[in-house]
Each structure stands twice: as C-alpha cells, then as structure tokens.
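Sequence lines set the chain letters: A, B, ... in the order given, protein chains first and strands last, and positions in each chain run from 1.
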There are 2 protein chains.
Amino acid sequence: MGSYEQNIFRKYIADQGLKTTLQREIILDEFLRLEHPSTEDLYQSLRSKHQNIGYATVHRALKLFAECGIATVRNFGDGAQRFEPCREDRHHDHLVCTRCGLIIEFENSQIEKLQQQVAKSHAFTVLDHRLELYGLCERCK
Amino acid sequence: MGSYEQNIFRKYIADQGLKTTLQREIILDEFLRLEHPSTEDLYQSLRSKHQNIGYATVHRALKLFAECGIATVRNFGDGAQRFEPCREDRHHDHLVCTRCGLIIEFENSQIEKLQQQVAKSHAFTVLDHRLELYGLCERCK
DNA sequence: GTATTCGTTGAAAACGAATTTCAATTACAG
DNA sequence: CTGTAATTGAAATTCGTTTTCAACGAATAC
C-alpha cells in the first residue's frame with residue numbers, strides 16, 4: 001500500500017542506496033497535507049505531535065522530495081523557499097495577491113501549449129516551469 | 001536629458017522626498033548595462049572604477065529601482081535575488097537551462113493575453129508576472 | 001552665501017534561512 | 001546477530017539580505 005507519492009519516494013530512496021526511516025515517512029505524510037509549506041511551516045506543523053523531529057531533518061527531507069520529483073521548489077517573494085507537492089493531477093500555476101498574500105491556483109492548457117512552442121523555437125527541452133501572476137485579488141483592490 | 005529610466009528614477013526620488021546622489025546615479029548607470037545582476041554582481045561590476053561605493057548602498061539602490069518600477073526582482077533558483085531592468089516596458093520571460101545556467105529571454109503576446117483572461121476569470125488585477133521555463137538548452141541535452 | 005535639517009553613505013554588525021558538522025543512533029545487507 | 005554506512009538532531013556555520021550608527025552631504029530656509 002502507500003500513496004502514489006510514497007511509492008515514488010521509496011523507490012527513489014532504494015535506488016539511491018539511501019534508507020527508509022520513520023522520520024521521513026512522518027514528514028512526507030504531513031507534507032502531503034499542506035499546500036505550499038516552507039521548511040519552517042512544515043517543521044511547526046509537525047511540532048505538536050513529533051517534538052523529536054529536528055528542523056534539519058525536515059529540510060533534508062524536503063530536498064529529497066524535490067529531487068525525486070514529488071515536490072517542486074517555489075518562491076513567492078517572501079524570503080523563503082516553499083515546497084509544493086506535485087499532486088498526481090496536472091501542473092498548476094498561481095495568482096498571488098501582493099497585498100493579502102492570497103494564493104489562487106489555476107491551470108490553463110493553452111498557455112502550456114504556447115510554452116512548448118516557444119521552447120521548441122529555441123531548441124529547448126522544457127522539464128519544468130513556473131508561472132506566477134502578481135496583483136490584487138477581488139477583495140484587496 | 002537623461003535616459004528613460006533616469007527620468008523615472010529621479011521623479012520617484014523627488015516625489016518621495018529623497019535625495020539625488022552621485023552614488024545612485026553611478027549605480028543606475030551601471031545597472032542598465034547588465035542583464036540580471038544580483039547585488040553582488042553589480043557591486044563587483046562597479047568595484048573596478050568605484051572602490052568607494054559600498055555593498056549596502058548598491059543593494060539599497062537596487063531596491064529603490066524595484067520600488068519605482070524600473071527594475072523587477074527575479075529568482076532563478078540559485079539562492080540570490082536578481083534585479084532586471086524593465087527595458088522599454090516590454091515585458092519578457094525566460095528559458096533557463098538547469099545544466100549550464102544559460103538564460104534566454106523571450107516574449108509571447110498570446111501567452112500574455114491568456115494570462116489576462118485567467119486573471120479576469122478570478123477577478124484579479126495583474127500588476128506583474130513571472131514566467132520561467134526550466135530545462136535543457138540545445139547544447140546540454 | 002551660510003546655517004540647519006534630514007536623508008545618505010560605508011563599514012560593521014545583525015539577521016534569517018539554508019546548509020553543514022559531528023557524535024550518537026539506526027537501517028539494513030551479509 | 002554484526003558491521004557498515006546512512007541518518008538524526010542540536011549546534012555551528014555559511015551566505016545573502018538588512019539594519020545600525022557616526023560621519024557626510026544634498027536640499028531648503030535664512
């Protein structure tokens with residue numbers, strides 16, 4: 001058993017000659033419940049139930065998640081890296097309200113297609129992308 | 001006299017009750033010659049001719065450039081903020097090679113239009129955006 | 001012009017997030 | 001089991017960003 005992400009992660013761990021640990025399992029489990037946690041966010045989120053998991057371990061786990069492809073690193077302009085679970089569903093992008101911090105996710109296949117065209121015209125192979133629209137949400141403007 | 005960016009900057013400085021200084025003029029001039037400098041890049045770039053301009057001053061100037069709209073802050077995944085001159089208010093996006101670090105700029109008005117549509121459907125007012133495509137350039141793949 | 005005011009400067013210190021160090025611990029192959 | 005090598009958590013370190021502060025300098029008033 002295990003979720004889609006757990007399977008990918010465990011396979012990656014095995015392939016790299018790394019080790020499965022209870023901490024990593026717990027961190028992954030909690031990570032998948034959150035939206036765009038920074039290391040600090042996730043660490044705090046675990047803190048109540050697992051006082052014994054250290055900040056460094058959380059951060060190291062997040063980097064592994066990014067390496068094995070179940071998370072991507074994002075940066076919304078506050079000074080911290082945020083890690084986002086790449087859920088089985090499609091890639092999505094973000095609308096970020098610069099006033100209140102609201103983040104709305106969206107996806108648009110036409111934009112994705114145009115991106116592929118652009119890349120092709122520059123002989124580029126696209127592996128990943130980031131699209132963020134910054135502005136004011138309905139309530140803030 | 002003065003470039004487009006100089007005029008905007010000077011007006012902003014005046015409007016805010018700040019002061020025009022020789023350092024700021026020099027920093028702006030050099031900034032406009034570069035592509036995506038980090039504070040460190042620009043500081044080093046000035047170093048040869050102006051040993052007397054400090055790192056903090058360079059960084060403070062860059063933040064002012066971003067505030068007054070002649071520069072935007074970017075983040076390409078190395079741990080440093082990069083400041084990009086907003087030339088001729090023509091927005092452009094980036095193809096980033098994750099292997100060799102090559103950065104190709106492009107623009108695509110169809111993508112921009114679709115972005116506006118997406119924002120509108122969420123009652124968002126877009127003030128700025130970032131689009132980066134990460135992958136391998138022709139030589140690296 | 002001169003004085004006064006208040007923003008600016010540069011060096012150094014402080015800050016904060018990311019990363020590394022290290023001794024103790026633990027997973028797991030043999 | 002046992003030995004080996006990866007992992008852990010706390011603390012230390014690194015590195016980019018930001019702030020502090022005394023000296024300085026630009027703009028305004030006189």
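Between A/Gln23 and D/dG9 there is a side-chain N or O to OP1 or OP2 distance below 4.0 Å.
Nucleotide C/dT25 holds its C1' atom 13 Å from the CG atom of A/Asn52, rounded to whole Å. If you measure from atom CD1 of B/Ile53 to atom C1' of C/dA11, you get 15 Å, rounded to the nearest angstrom. Atom pair B/Leu42:CG and D/dT17:P shows a separation of 12 Å (rounding to whole Å applied). Put simply, CD on B/Gln51 is 16 Å from C1' on C/dA11, counting in whole angstrom units. For the pair A/Gln81 CD and D/dT17 P, the interatomic distance rounds to 13 Å; values are reported in whole Å. Remark: P of D/dA6 and CD1 of A/Ile13 are 13 Å apart, rounded to the nearest angstrom. Atom P of nucleotide D/dT18 and atom CG of B/Leu64 are separated by 12 Å, given to the nearest angstrom. Here the C1' atom of nucleotide C/dT9 and the CG atom of B/Leu62 are 16 Å apart, to the nearest Å.
Between A/His129 and B/Glu132, the side chains place no donor N or O within less than 3.5 Å of an acceptor N or O (distance only, hydrogens not considered). Checked by atom type, the side-chain pair B/His92/B/Glu84 shows a donor-acceptor distance below 3.5 Å. Using modelled atom types, one finds a donor on one side chain and an acceptor on the other under 3.5 Å when comparing B/Gln44 with B/Glu40. Side-chain atoms of B/Glu30 and B/Ser45 include a donor-acceptor pair closer than 3.5 Å.
A salt bridge is absent between A/Arg130 and A/Asp93: the closest approach of a Lys/Arg side-chain nitrogen to an acidic carboxylate oxygen does not fall below 4.0 angstrom.
Between the A/Asp15 side chain and the A/Tyr12 main chain, no donor and acceptor come within less than 3.5 Å of each other.
The six-membered or imidazole ring of B/Tyr43 lies away from that of B/His59, with a centre-to-centre distance of 6.0 Å or more.
Along DNA chain D, the nucleotide nearest to B/Arg82 and the one nearest to A/Tyr43 differ in position, and the one closer to the 5' end is contacted by A/Tyr43.
When the nucleotides C/dA17, C/dG10, D/dT7 are ranked by their closest atom to the side chain of A/Tyr55, C/dA17 comes out on top.
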Where protein sits on nucleotides 19-30 of chain D, one letter per nucleotide: B base, S sugar-phosphate only, - none, heavy atoms under 4.0 Å: BB----BBS---

